[in-house]
A.B. asks: 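Structure in structure tokens, see below.
Only a predicted model underlies this, so the values are computations on that prediction, with no experimental measurement involved.
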Amino acid sequence: CGDLAYASDLAGQAVELEPDCADFWKALGEIRREKKDTDGAMDAFSRALELRPSFPTAWLGKALVHYKRKEFAQAEQAYSQALFYSKDRADTARIRVNFANFLKEQKRMTEAIKQMRQAVSATPDSCETTLLLGSFLKENDDLVGAISIFSRVAEKFPSSGRGWLE
């Protein structure tokens, strides 16, 4: 289902049929965000959070929209809320990776690396997250740390290939 217009229509119908379903509003927000409709996405995520204030992935969606709008203080606050409410390890790792990328773009590498380390701790079997941590360390000129992480990936995930060594 790669057609965003069709998905948007379905999500719109879903919220019309079940206007008090936070999951439907969050889905509509995701679709609107993909369509680059930041106002519509923000409205949908906000409605999802009115219905369920402890909805971490709706907070993440809101953070991503704030970030896209260059509303950095609000984005950081929404990332913090997402982490506060997140209980699922995979969701927590995904939120932390997104937050780390946000912090990296804000030139806050020490904080970004801390978030990436916590993402790896939440999902230690994620090759991709572990490689991202290594990349962050390399970008921060921590070559010893990066080599350590990349070596760990080579041992733990032997089928991951070696293209990341270059």
Side-chain angles (χ1 to χ4, degrees), residues 1-4 7 22-23 26-36 38 41-42 44-45 48-49 52-166:
C1 178
D3 184 0
L4 284 178
D23 291 303
K26 186 250 183 190
L28 182 60
E30 292 292 341
I31 293 164
R32 288 177 174 173
R33 188 175 61 80
E34 284 292 317
K35 290 174 63 178
K36 302 192 183 349
T38 58
M42 187 60 76
F45 289 129
L49 291 166
R52 191 185 328 151
S54 62
F55 197 169
T57 54
W59 280 110
L60 174 60
K62 198 168 184 174
L64 293 169
V65 173
H66 279 305
Y67 181 56
K68 181 75 172 170
R69 291 175 165 182
K70 300 189 183 324
E71 300 166 348
F72 301 126
Q74 296 94 325
E76 187 165 350
Q77 186 176 37
Y79 282 120
S80 294
Q81 289 293 108
L83 287 170
F84 177 78
Y85 289 116
S86 184
K87 305 298 180 228
D88 179 80
R89 292 174 73 85
D91 283 346
T92 299
R94 187 166 57 110
I95 294 163
R96 287 195 185 283
V97 167
N98 277 280
F99 193 20
N101 282 314
F102 165 81
L103 292 166
K104 181 177 120 178
E105 294 209 8
Q106 299 297 306
K107 310 286 189 236
R108 295 163 57 188
M109 283 303 285
T110 301
E111 295 168 85
I113 289 169
K114 179 181 176 186
Q115 289 298 324
M116 284 304 303
R117 286 187 189 284
Q118 291 174 328
V120 170
S121 292
T123 54
D125 292 329
S126 171
C127 178
E128 181 180 358
T129 304
T130 307
L131 284 173
L132 278 171
L133 172 58
S135 296
F136 274 47
L137 292 169
K138 182 179 171 189
E139 285 180 46
N140 201 45
D141 293 325
D142 180 357
L143 299 182
V144 172
I147 290 169
S148 173
I149 293 294
F150 293 146
S151 295
R152 186 179 337 154
V153 168
E155 289 172 16
K156 190 169 185 173
F157 308 101
S159 64
S160 66
R162 298 205 181 268
W164 43 264
L165 284 174
E166 299 167 3

A.B. asks: Report the C-alpha separation of Leu49 and Gln81 in whole Å, then their side-chain angles, then the decisive distance to 0.1 Å, and conclude whether the side-chain contact (heavy atoms from CB on, under 4.5 Å) test is met.
C.D. replies: CA-CA 11 Å; Leu49 291 166; Gln81 289 293 108; over 6 Å; no

A.B. asks: Report the residues that fulfil side-chain contact (heavy atoms from CB on, under 4.5 Å) with Thr129, sequence neighbours left out, ordered by chain and then residue number.
C.D. replies: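 Thr129 satisfies side-chain contact (heavy atoms from CB on, under 4.5 Å) with Val97, Met116, Ala119, Val120, Thr123, Ser126 once adjacent residues are dropped.
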
A.B. asks: How close do Pro124 and Ser121 get, heavy atom to heavy atom, and via which atoms?
C.D. replies: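 That would be CD-O, 3.5 Å.
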
A.B. asks: Assess whether side-chain contact (heavy atoms from CB on, under 4.5 Å) is satisfied between Arg33 and Thr38, documenting all intermediate values.
C.D. replies: CA-CA 6 Å; Arg33 188 175 61 80; Thr38 58; over 6 Å; no

A.B. asks: Rounded at 0.5 Å granularity, tell me how far CZ in Arg117 sits from CZ in Arg96.
C.D. replies: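 One gets 13.5 Å once the value is rounded to the nearest 0.5 Å.
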
A.B. asks: What's the separation between atom CZ in Phe136 and atom OG1 in Thr110, rounded to the nearest 0.5 Å?
C.D. replies: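 So the CZ of Phe136 and the OG1 of Thr110 are separated by 12.0 Å.
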
A.B. asks: If you apply the rule side-chain contact (heavy atoms from CB on, under 4.5 Å), what do you find for Glu76 with Arg108, and how did you get there?
C.D. replies: CA-CA 12 Å; Glu76 187 165 350; Arg108 295 163 57 188; 2.8 Å; yes

A.B. asks: Return the minimal non-hydrogen interatomic distance between Ala48 and Ala58, and the atom names on each side.
C.D. replies: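 Reported closest heavy-atom pair: CB-CB, 4.2 Å.
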
A.B. asks: Please say which of Thr92, Asp91, Thr57 ends up in a side-chain hydrogen bond (donor to acceptor under 3.5 Å, both in side chains) with Ser86.
C.D. replies: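 The single option meeting the side-chain hydrogen bond (donor to acceptor under 3.5 Å, both in side chains) with Ser86 is Thr92.
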
A.B. asks: Atom NZ of residue position Lys156 - does it have more than 12 heavy atoms of other residues, nucleotides or ligands inside 6.0 Å?
C.D. replies: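 Yes - once you tally the heavy atoms of other residues, nucleotides and ligands closer than 6.0 Å, there are more than 12.
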
A.B. asks: I need the full list of salt bridge (charged side-chain N to carboxylate O under 4.0 Å, His left out) pairs touching residues 139-153, with sequence neighbours left out, sorted by first then second residue.
C.D. replies: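 Checked against salt bridge (charged side-chain N to carboxylate O under 4.0 Å, His left out) - neighbours excluded - the pairs reaching residues 139-153 are Lys104-Glu139.
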
A.B. asks: To the nearest 0.5 Å, what is the distance between CG (Asn98) and CG (Leu60)?
C.D. replies: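 If I round to the nearest 0.5 Å, the distance is 5.0 Å.
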
A.B. asks: Any side-chain heavy-atom pair from Phe72 and Phe102 closer than 4.5 angstrom?
C.D. replies: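 In short, these two side chains touch, coming nearer than 4.5 Å.
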
A.B. asks: Measure the spacing between OG1 of Thr130 and CZ of Phe150 and express it to the nearest 0.5 Å.
C.D. replies: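 Going from OG1 on Thr130 over to CZ on Phe150, the span is 10.5 Å.
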
A.B. asks: Rounded to the nearest 0.5 Å, how far does CZ of Arg52 lie from CG of Asp23?
C.D. replies: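 The CZ atom of Arg52 is 4.5 Å from CG of Asp23, to the nearest 0.5 Å.
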
A.B. asks: Please give me the minimum heavy-atom distance between Trp59 and Pro53, naming the atom from each residue.
C.D. replies: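 Looks like NE1-O, 2.8 Å.
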
A.B. asks: Can you name the nearest heavy-atom pair linking Gly29 to Ala41, along with the distance?
C.D. replies: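 Of all heavy-atom pairs spanning Gly29 and Ala41, the closest is O-CB, 3.5 Å.
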
A.B. asks: So with a 6.0 Å cut-off around CD of Gln77, is the heavy-atom count from everything else above 12?
C.D. replies: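 Atom CD in Gln77 is not crowded, with 12 or fewer foreign heavy atoms closer than 6.0 Å.
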
A.B. asks: Step by step, work out the side-chain contact (heavy atoms from CB on, under 4.5 Å) result for Gln115 and Glu111.
C.D. replies: CA-CA 6 Å; Gln115 289 298 324; Glu111 295 168 85; 5.7 Å; no

A.B. asks: Using side-chain contact (heavy atoms from CB on, under 4.5 Å) as the criterion, list what pairs up with Glu105, not counting sequence neighbours.
C.D. replies: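 With neighbours one apart ignored, the set is Tyr67.
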
A.B. asks: Return the CD1 to OG distance between Ile113 and Ser135, rounded to the nearest 0.5 Å.
C.D. replies: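 One gets 11.0 Å once the value is rounded to the nearest 0.5 Å.
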
